[in-house]
Each structure stands twice: as structure tokens, then as C-alpha cells.
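Throughout, a chain's letter reflects where its sequence line sits, starting with A, and its residues are numbered from 1.
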Amino acid sequence: MLGKAVLSLQVNFGLSSLGLVMVAESDGEVCAVFLGDNKENLVDELATSFPNVILHVNQSGAPSKLLTRVVNCIECPDTPINDLPLHFLGSSFQCEVWQALREVAAGEVITYAQLAANIGRPSAFRAVANACGANKISVLIPCHRVVRSNGELGGYRWGTARKKKLLVREGEFKEFALNHVCG
DNA sequence: AAGCCCATCCGAA
DNA sequence: TTCGGATGGGCTT
């Protein structure tokens, strides 16, 4: 998966209303955003997700700027994130799916089938779902906005409770924004 | 090269 | 509302 060059990741932790947030960055770019409840577990998951990578966990307690922005983005879904540099690490198919996901705005949802159609592979909805599950930059690549065709929530790597929370919040936030503008 | 795993979908009872 | 077959990418052997 990775080339010969060894990547060095700076790892930062923060707290949000979804629990623990772990941001891994390299050279000013976000490589991973994981959600969970336990630091050691998250670091373990990161290590298995990126073998052959050197991790430097920030113990200083001073959060990196990127971590602060990610947490802010979790709490305020309308925060613009287009200028946040992301580092995609995956197959070409996965990267295509993840790029298409970034077109889905906060407050909107899309089905796995529609997402598959958007990348020109309408019968690959199953593979698209797998690619969503393989997304390592949660929240910033909004795989939580993909739902099933029958209206069910669908799965989420970080727990369906977090997926639901994110969607409810984004919906509420959109309503708030509309009321604010129109009323 | 072949098998297994999946965060799905759709049609038929 | 349940059920089974189709389906395609990724990972392991």
C-alpha cells in the first residue's frame, strides 16, 4: 500500500461531544481522524491501518492547530473545511469514492447506490460501501452522510450512535442556519 | 488464482 | 416483512 519512503505521523488527541478524537498529520496534512473512547486502542488501530509508519504521539497537551480545527468542525458542522489539506492513502477506487464523498454537503445525505452511480459504477454499490468503511479521515471525509436506499441509517465504523449524532446535528444546524438567514 | 469478507440492493413470496 | 441471490473491491492464502 505504501511506497518505500517511511511516513512519519504526528498524533494528537482531543475531546469532543462524540468522545475522543485522534488526528494524525504529516507535513501539515491530515492523514487520519479516528473516533473512540480509549487512546491506546486508537493508537493500535492507527498502527494497523498504517503499517510501516512511524508514530509520534504528542504528549505535551498542547493541541496542534489541525486538531483544534477538526474538533471545531465536529461541533460546528458549517465550519468551512475546504482549505484543510487532506492526505489520501488508499487504492485509486477508494480515493475516487472519497473524493465523491466530499461533494456531499453538511445537512444532506446520499445513498450508497447514488454514490456508486456518481462515480460511474452503478453496480458497485457494495464495493462503494466497503470503500466508505475504509475511510480513515472521518468527519472531514463525510462517510457518515451515506445511508441505505431503504431509509435505514446503514453502518458506521465508529459506531452507528456517532453517525446518528452527526447527522442529527448537521440537520439541526442547517435548520438553524435557514432560520437565521430567512427569519 | 482462488477464496473469503463486507457499512448493499432489489425482487419475489 | 423477511429472504436469497447478485455483486465488486480488497485482503489473505
Side-chain angles (χ1 to χ4, degrees), chain A residues 1-7 9 16-24 26 29-38 41-55 70-71 73-75 77 81 84 86-174:
Chain A
M1 168 157 67
L2 289 173
K4 291 154 194 148
V6 177
L7 198 59
L9 296 184
S16 77
S17 53
L18 297 178
L20 209 49
V21 183
M22 182 184 70
V23 172
S26 171
E29 298 181 320
V30 179
C31 299
V33 177
F34 284 16
L35 308 173
D37 302 303
N38 178 292
N41 290 351
L42 287 181
V43 171
D44 283 349
E45 289 180 45
L46 186 62
T48 28
S49 289
F50 299 110
N52 309 321
V53 152
I54 300 180
L55 305 181
V70 170
V71 171
C73 170
I74 291 175
E75 308 303 344
I81 56 165
L84 264 178
L86 306 185
H87 193 128
F88 287 68
L89 288 167
S91 71
S92 61
F93 178 83
Q94 289 171 333
C95 291
E96 216 175 332
V97 171
W98 299 339
Q99 288 287 5
L101 265 178
R102 300 191 71 197
E103 307 293 316
V104 184
E108 294 175 3
V109 292
I110 191 174
T111 66
Y112 293 96
Q114 284 167 359
L115 187 56
N118 283 1
I119 64 169
R121 307 185 114 273
S123 62
F125 45 82
R126 201 76 167 69
V128 163
N130 281 335
C132 291
N135 171 34
K136 294 164 189 70
I137 313 182
S138 71
V139 184
L140 301 185
I141 296 176
C143 58
H144 59 276
R145 297 184 191 138
V146 193
V147 299
R148 298 187 51 156
S149 295
N150 64 5
E152 290 175 358
L153 188 61
Y156 194 53
R157 177 173 171 192
W158 312 110
T160 53
R162 288 193 177 94
K163 183 174 186 175
K164 195 175 195 174
K165 226 169 168 176
L166 279 164
L167 289 180
V168 166
R169 172 173 314 168
E170 291 179 357
E172 284 176 350
F173 206 96
K174 191 183 181 185

* Under the side-chain contact (heavy atoms from CB on, under 4.5 Å) rule, collect the residues that match up with V30(A), sequence neighbours excluded. => V23(A), V33(A), L66(A), L86(A), I137(A), L140(A)
* Just to confirm, is there a sub-4.0 Å distance from OP1 or OP2 of dC9(B) to any side-chain nitrogen or oxygen of S149(A)? -> yes
* To do: Measure from the side chain of R157(A), starting at C-beta and using heavy atoms only, and say which of dC6(B), dA7(B), dG9(C) lies closest.
  => dA7(B)
* To do: Start with the C-alpha gap between S17(A) and R169(A), add the side-chain angles, then the distance that decides, and say whether side-chain hydrogen bond (donor to acceptor under 3.5 Å, both in side chains) holds.
  => CA-CA 11 Å; S17(A) 53; R169(A) 172 173 314 168; 2.8 Å; yes
* Take the protein atom CG of L115(A) and the nucleotide atom C1' of dT7(C), then report the distance between them rounded to whole Å. => 16 Å
* To do: Would you kindly give the CZ-to-P distance between F93(A) and dC11(C), to the nearest whole Å?
  => 12 Å
* Taking OH from Y112(A) and P from dT7(C), how many angstroms apart are they, rounded to a whole number? -> 21 Å
* To do: Scan L46(A), L89(A), L7(A) and name whichever one has a side-chain contact (heavy atoms from CB on, under 4.5 Å) with V53(A).
  => L7(A)
* To do: May I have the distance from E96(A) (atom CD) to dG8(C) (atom C1'), rounded to whole angstrom?
  => 14 Å
* To do: Check every strand shown and say whether F125(A) touches a base, only sugar-phosphate, or nothing at a heavy-atom separation below 4.0 Å.
  => base
* Structure fact -> R126(A) CZ to dG9(C) P, in whole Å, measures 13 Å
* Asked: For G133(A), which contact category applies under a 4.0 Å heavy-atom criterion: base, sugar-phosphate, or nothing?
  -> base
* Closest to the S123(A) side chain: dA7(B), dC9(B), dT7(C)? -> dT7(C)
* Structure fact -> From the list L166(A), L35(A), V70(A), side-chain contact (heavy atoms from CB on, under 4.5 Å) partner of S138(A) resolves to L35(A)
* Candidates dA7(B), dG9(C), dC9(B) - which lies nearest the side chain of A129(A) -> dA7(B)
* Starting at atom CG of N150(A), determine the distance to atom C1' of dC10(B), rounded to an integer number of angstrom. => 10 Å
* Short side-chain to backbone donor-acceptor contact, K163(A) and L153(A), under 3.5 Å -> yes
* Would you kindly check if the NZ (Lys) or CZ (Arg) of R157(A) is within the cone defined by 45 degrees around the ring axis of F34(A) and under 6.0 Å from the six-membered ring centre? => yes
* Whole Å only: how far is the CD1 atom of I119(A) from the P atom of dG8(C)? -> 12 Å
* What would the secondary structure line of DNA chain B be in dot-bracket form, counting Watson-Crick and G-U wobble pairs under 3.5 Å, with [ ] for pairs that cross earlier ones and | for pairs with another strand? -> ||||||.||||||
* Asked: Between dG9(C), dA7(B), dC9(B), which one does the side chain of A127(A) approach most closely?
  -> dG9(C)
* Asked: Among all residues two or more places apart in sequence or in another chain, which pass the side-chain contact (heavy atoms from CB on, under 4.5 Å) test with E96(A)?
  -> I119(A)
* Structure fact -> With the side chain defined as heavy atoms from C-beta on, R121(A) is closest, among dG8(C), dC9(B), dA7(B), to dG8(C)
* Expressed in angstrom and rounded to an integer, what is the separation of N130(A) atom CG from dT8(B) atom P? -> 8 Å
